[in-house]
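Contents: one structure, followed by commentary.
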Amino acid sequence: MMILGCVVTLQLSSCSDDDDNSDVKIPASELPDAAREFVAQYYGDVTMTSIEKEVDHGIIEYDVVLANGHEISFNADGEWIDVDAPAGMTVPAGIVPDAIAAYVADNFIGLGVNEISKNAAYYEVELTNGLDLIFDHDGNFVRQDRAA
């Protein structure tokens with residue numbers, strides 16, 4: 001029984017090592033060039049107040065917090081995967097693909113995009129009123145949901 005207990009303990013502790021998630025603060029110079037260029041293009045001289053590099057199961061992601069409260073996540077290549085403005089504010093013009101921006105302007109007059117995320121399957125857009133919209137990669141509307 002004692003040997004079985006040791007084996008179970010070793011198995012459980014080895015499972016916890018499967019998650020190599022780590023967050024490390026880094027200087028802006030360690031961000032991929034594309035990420036630095038994105039920040040410069042859309043946020044001009046806004047200071048990056050916090051930059052973290054996350055590694056989870058070999059997947060690298062960079063999280064950047066700006067002095068104006070906007071937060072941006074980038075993949076390992078420096079491509080944006082999430083842009084989030086403070087509550088009630090909008091992400092800078094030009095980040096939202098044209099087809100999605102046009103759909104929002106035509107169907108949600110007076111509202112703007114507060115957050116936009118993209119993955120391999122779709123874009124998820126949160127409007128300034130909290131409504132979530134899903135679009136395919138061609139910018140075609142798929143569905144809407146009330147944000148949690």
Side-chain angles (χ1 to χ4, degrees), residues 8-9 11-148:
V8 169
T9 301
Q11 284 294 326
L12 290 175
S13 65
S14 69
C15 289
S16 66
D17 292 339
D18 289 344
D19 185 11
D20 62 351
N21 188 5
S22 61
D23 297 349
V24 178
K25 292 198 181 295
I26 62 168
S29 61
E30 290 186 28
L31 272 176
D33 290 341
R36 286 196 314 272
E37 290 167 8
F38 179 91
V39 172
Q41 178 180 353
Y42 292 106
Y43 292 96
D45 294 331
V46 178
T47 302
M48 290 184 263
T49 59
S50 173
I51 305 168
E52 288 188 359
K53 179 180 181 180
E54 293 181 21
V55 180
D56 189 9
H57 297 292
I59 298 173
I60 297 172
E61 187 174 304
Y62 298 93
D63 293 320
V64 176
V65 177
L66 303 174
N68 63 2
H70 288 240
E71 299 178 10
I72 311 160
S73 295
F74 298 97
N75 66 17
D77 295 326
E79 298 170 347
W80 72 269
I81 53 177
D82 184 77
V83 181
D84 188 7
M89 296 180 70
T90 60
V91 300
I95 293 174
V96 179
D98 292 340
I100 295 173
Y103 183 88
V104 170
D106 291 345
N107 293 282
F108 299 94
I109 297 167
L111 297 177
V113 174
N114 176 256
E115 181 177 6
I116 184 166
S117 301
K118 65 179 174 178
N119 62 35
Y122 57 85
Y123 286 96
E124 182 174 354
V125 172
E126 181 180 321
L127 301 180
T128 50
N129 69 347
L131 188 66
D132 284 334
L133 306 175
I134 307 296
F135 296 87
D136 66 19
H137 276 281
D138 293 326
N140 298 308
F141 175 75
V142 175
R143 71 176 188 276
Q144 73 182 40
D145 296 307
R146 179 52 73 182

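Between the CD atom of E126 and the OG atom of S117 there is a distance of 9.0 Å, given to the nearest 0.5 Å. From N129, atom CG reaches atom CG of L127 across 5.5 Å, with rounding to the nearest 0.5 Å. For the atom pair CD (E115) and CD (E124), the distance works out to 7.5 Å, reported to the nearest 0.5 Å. Considering CD of Q144 and CZ of F135, their distance stands at 9.5 Å, rounded to 0.5 Å. In this structure, CZ on R36 lies 6.5 Å from CG on L31, to the nearest 0.5 angstrom.
By the 30° and 60° cut-offs, the orientation of the rings of Y103 relative to F141 is parallel. Note: Y43 and H70 have perpendicular aromatic rings, judged against thresholds of 30 and 60 degrees for the angle between ring planes. Between Y123 and W80, the ring planes lie tilted relative to each other; the angle falls in the 30° to 60° range.
Every side-chain contact (heavy atoms from CB on, under 4.5 Å) that S73 has, sequence neighbours left out, goes to E61, D63, I81, D82.
Across all non-hydrogen atoms, the minimal contact from A76 to P32 is O-CG, 3.5 Å. Shown here for M48 and A28, the closest heavy-atom pair between the two residues is CE-CB, 3.8 Å.
Applying side chain to side chain contact (heavy atoms under 4.5 Å, CB included) to I95 and the options V83, V113, T90 leaves one that passes, V83. L133 pairs in a side chain to side chain contact (heavy atoms under 4.5 Å, CB included) with only one of the listed residues (D145, V142, V104, I100), which is V104.
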Original post:
Can you list the steps and then say if V55 with V24 is a side-chain contact (heavy atoms from CB on, under 4.5 Å)?
Top reply: CA-CA 9 Å; V55 180; V24 178; over 6 Å; no
Subject >> Evaluation steps, side-chain contact (heavy atoms from CB on, under 4.5 Å), between Y62 and I26 >> reply: CA-CA 9 Å; Y62 298 93; I26 62 168; 3.7 Å; yes
Subject >> Residue pair F74, I51: steps toward the side-chain contact (heavy atoms from CB on, under 4.5 Å) verdict >> reply: CA-CA 11 Å; F74 298 97; I51 305 168; over 6 Å; no
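Here the side chain of D138 pairs no donor or acceptor atom with the backbone of N140 at under 3.5 angstrom. At least one donor-acceptor pair under 3.5 Å links the side chain of N114 to the backbone N or O of A85.
The shortest distance between side-chain heavy atoms of Y122 and N119 falls below 4.5 Å. Side-chain contact check for V125 versus D132: every heavy-atom pair is 4.5 Å or farther apart.
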